[in-house]
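What follows is a short report on a single structure.
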Protein chains: 2
Amino acid sequence: MKFDDKVPIYYQIKNHLYHEMMTGTLEPGDKLPAVRQLAVDLTVNVNTVQRALGEMITEGTIESQRGKGNFVTMDKNRITQLKEQLIVEQLERVYNELHALNLTDEQIISSLKTYIAGRGQQHD
Amino acid sequence: MKFDDKVPIYYQIKNHLYHEMMTGTLEPGDKLPAVRQLAVDLTVNVNTVQRALGEMITEGTIESQRGKGNFVTMDKNRITQLKEQLIVEQLERVYNELHALNLTDEQIISSLKTYIAGRGQQHD
DNA sequence: CCTAGTGTTATATTTTACTATTACACTATA
DNA sequence: TATAGTGTAATAGTAAAATATAACACTAGG
């Protein structure tokens, strides 16, 4: 996996796992790959994986069973809440950034539309 | 100023100064506050300010005159280009993030509209 | 010429993230 | 009960960012 060197790796791992939970790659109750395997997959150290998992365990999004593995919480409500939260955080960030660049609400929306429309030209 | 501890301060300072250039707080040819003054204003060390400025000088967005001060480039074209670049980066980021959360193009646009509409309730 | 204001650079120190390595604790199963 | 697979934790070392502090280089004005 490629990491942004401007942001802590453990933080990006959390985000990576969140996304897998949000998109259904990891479903409620699913067992995560073993920490040592995750470390290999992500080419990072076990302790770094553990740091990410530790925070997620504290938050309650995953549950740890010593000797068995780490499991996605069965609480689907928590997952949908988390997804909503991640979306709002993203929207908040663009809005604030573009607003700070003096764009009006209308300009923010239309620039996003234009960006998405223009994307079709070169991608996917 | 409040910094996000997940991202290098010098990097956030660059961004801060960019915004001032984009919004007209700093106009082409304007003299920036003295580095020691900036350090006080931002409550960081002079070397940290210097690191941010150093990169901007290399990029050509500000010009340094030893003994005189640092000045915003007179090249207005560069500034408008930079603004466009910052906007696209933001749009790219939200789009990629929300797309990764399985939202369709339409859902991305409508969620932004909803967010902006809902903002009026509690803010500004 | 001197001094105050400016940018620039260097050294040493602290803190944080990350790594490497090892050990320990628990579970399942052959 | 031994062993392999799992999570957990501790130690030591490295690197990057930021700090404190000091010195150097240039400019302008008295």
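Side chains included, hydrogens not; waters and symmetry mates left out as well; all remaining heavy atoms used. Below, chain A is the first sequence line, B the second, and so on; all start at residue 1.
Between C/dC18, D/dG7, D/dT19, one nucleotide has an atom nearer to the side chain of A/Pro8 than all others, and that is C/dC18. In the set C/dG7, D/dT19, D/dT8, D/dT8 carries the atom at the smallest distance from any side-chain atom of A/Ser64.
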Base, backbone or nothing for each nucleotide of nucleotides 22-30 of chain D, written B, S, -, heavy atoms under 4.0 angstrom, 5' to 3'? -B-BBSS--
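C/dG7 atom P lies 19 Å from atom CZ of B/Arg51, rounded to whole Å. If you take CD of A/Gln50 and C1' of D/dA10, they are 13 Å apart, rounded to a whole angstrom. Whole-Å rounding puts the A/Ile9 CD1 to D/dA15 P distance at 15 Å. One can place CZ of B/Phe3 at 8 Å from P of D/dT19, the figure rounded to the nearest angstrom. Between A/Leu42 atom CG and C/dC18 atom P there is a gap of 12 Å when expressed in whole angstrom units. Counting to the nearest Å, the P atom of D/dA16 and the NZ atom of A/Lys6 are 12 Å from each other. C/dT8 atom P lies 12 Å from atom CD of B/Glu63, rounded to whole Å.
At C/dC18, none of the side-chain N or O atoms of A/Tyr10 fall inside 4.0 Å of OP1 or OP2 (strictly under the cut-off).
Here A/Lys14 pairs with A/Glu59 in a salt bridge; the nearest charged N to carboxylate O distance falls below 4.0 Å.
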